[in-house]
Amino acid sequence: ISLTENLDLSNSSFNFIGNSIYQLKENTSSKVPFSKTKVEKKPVSLVKKTRVLIVEDSGSVQKILQRAFLKINNVEVVGCVGSISEALVALDKHEIDLLSLDMHLEDGTGVELLEKLNFSKSSKFKNTKCVLITSCSTSEGNLVFKAIELGASSYFQKPQANNLLEFENDILMLVQD
């Protein structure tokens, strides 16, 4: 259905683009046609989704992490990979907002991945958070510090069955920050 009216808007016109949304359009005539056209409504999310890549070598931990991230509104897990080489391919294919990174991977360490990406200096990742989610022992603390030097912003111990809810709350706070 189309309705047309003439409105005197002093050299401007509004184009109807939704139920109550109008777009201003420059025009040179003082009397301009105004039309409303019924348009098909499509759901649109006004909030940008946080895109997450999970880099974790354990399939069962990948599933736990994926479930934890997907419980959060407006989070999209773009992939789960277990190695540096798979992570490089996924990062080339997807723009991400959050990199969930394990320290021990199938073909190296999380530190090696951050070094290969030049994570802290690359303009591609300037708006990307990196969080370490790992089970590094205290004797491997130097790896965690090196990852933080290379751009990781947070560190979490991998969740255990007895602290899964607490871990999910921590992840929620991280994403909302």
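Nearest heavy-atom pair across Ile84 and Thr109 is CD1-O, 3.6 Å. The heavy-atom pair separating Val111 from Ala147 by the smallest distance is CG2-N, 3.9 Å. Heavy-atom minimum distance, Ala90 versus Val81: CB-CG1, 4.4 Å. When all heavy atoms of Gln66 and Cys80 are compared, the closest pair comes out as OE1-SG, 3.9 Å. Of all the heavy atoms in Ser83 and Glu106, the pair that sits closest is CB-OE1, 3.8 Å. Contact record, Phe119 with Gly151: CE2-O, 3.6 Å, taken as the closest heavy-atom pair.
Val78 is connected to Leu91 through a chain of hydrophobic side-chain contacts under 4.5 Å among Ile, Leu, Val, Met, Phe, Trp and Tyr, so both are in one cluster. With hydrophobic clusters built from ILVMFWY side chains whose heavy atoms lie under 4.5 angstrom apart, Leu105 shares a cluster with Leu150. Hydrophobic clustering of Ile, Leu, Val, Met, Phe, Trp and Tyr side chains at less than 4.5 Å, counting indirect connections, keeps Ile171 apart from Val55. Criterion: ILVMFWY side-chain heavy atoms under 4.5 Å apart, direct or through other members. Under it, Ile148 and Phe125 are part of a common hydrophobic cluster. Hydrophobic clustering of Ile, Leu, Val, Met, Phe, Trp and Tyr side chains at less than 4.5 Å, counting indirect connections, unites Leu101 with Val144.
In this structure, the side chains of Val77 and Leu70 come closer than 4.5 Å at one or more pairs of heavy atoms. Two residues are said to be in side-chain contact when any heavy atoms from C-beta on lie closer than 4.5 Å; Phe69 and Val175 meet this criterion. Using a 4.5 Å heavy-atom threshold, the side chains of Glu86 and Val89 count as separate. Annotation: side chain of Arg51 is in contact with side chain of Glu95 (closest heavy-atom distance under 4.5 Å). Here the side chains of Glu168 and Arg67 are not in contact, with every heavy-atom distance at 4.5 Å or above. At a threshold of 4.5 Å between non-hydrogen side-chain atoms, the residues Ile96 and Val52 do not count as touching. Counting heavy atoms from C-beta on, the side chains of Leu114 and Cys130 come closer than 4.5 Å. Thr134 has its side chain out of reach of Leu143: every pair of non-hydrogen atoms, C-beta onward, lies at least 4.5 Å apart.
For the atom pair OG of Ser122 and NZ of Lys126, the computed distance is 10.5 Å after rounding to the nearest 0.5 Å. Separating the OG atom in Ser154 from the CE atom in Met173 is a distance of 11.5 Å, to the nearest 0.5 Å. How far OG of Ser85 is from NZ of Lys116: 8.5 Å, rounded to the nearest 0.5 Å. Going from atom CD1 of Ile133 over to atom OH of Tyr155 covers 11.0 Å, rounded to the nearest 0.5 Å. Here the straight-line distance linking atom CG of Asn142 with atom CZ of Phe145 works out to 9.0 Å at 0.5 Å rounding. Here Asn127 contributes atom CG and Leu98 contributes atom CG; the two are 13.0 Å apart, rounded to the nearest 0.5 Å.
At distances below 3.5 Å, at least one donor-acceptor pair connects side-chain atoms of Lys129 with backbone N or O atoms of Leu174. At distances below 3.5 Å, not a single donor-acceptor pair connects side-chain atoms of Lys93 with backbone N or O atoms of Leu88.
Atom NZ of Lys124 has more than 12 heavy atoms from other residues, nucleotides or ligands within 6.0 Å. Other residues, nucleotides and ligands contribute more than 12 heavy atoms inside 6.0 Å of the CG atom of Asp107.
There is no side-chain donor-acceptor pair under 3.5 Å between Thr50 and Asp97.
Each of Leu132, Leu65, Asp57, Ile54 was scored for a side chain to side chain contact (heavy atoms under 4.5 Å, CB included) with Asp102, with one residue passing: Asp57.
Glu56 and Lys158 are joined by a salt bridge, as a carboxylate oxygen and a charged side-chain nitrogen come within less than 4.0 angstrom of each other.
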Quick one, Glu115 with Lys146, criterion side chain to side chain contact (heavy atoms under 4.5 Å, CB included). Give me CA distance, side-chain angles, the key distance, then yes/no.
CA-CA 10 Å; Glu115 288 174 333; Lys146 182 67 176 172; 3.7 Å; yes
Would Leu99 and Val131 count as a side chain to side chain contact (heavy atoms under 4.5 Å, CB included) if you check the C-alpha gap in whole Å, the side-chain angles of each, and the deciding distance to 0.1 Å?
CA-CA 6 Å; Leu99 176 63; Val131 58; over 6 Å; no
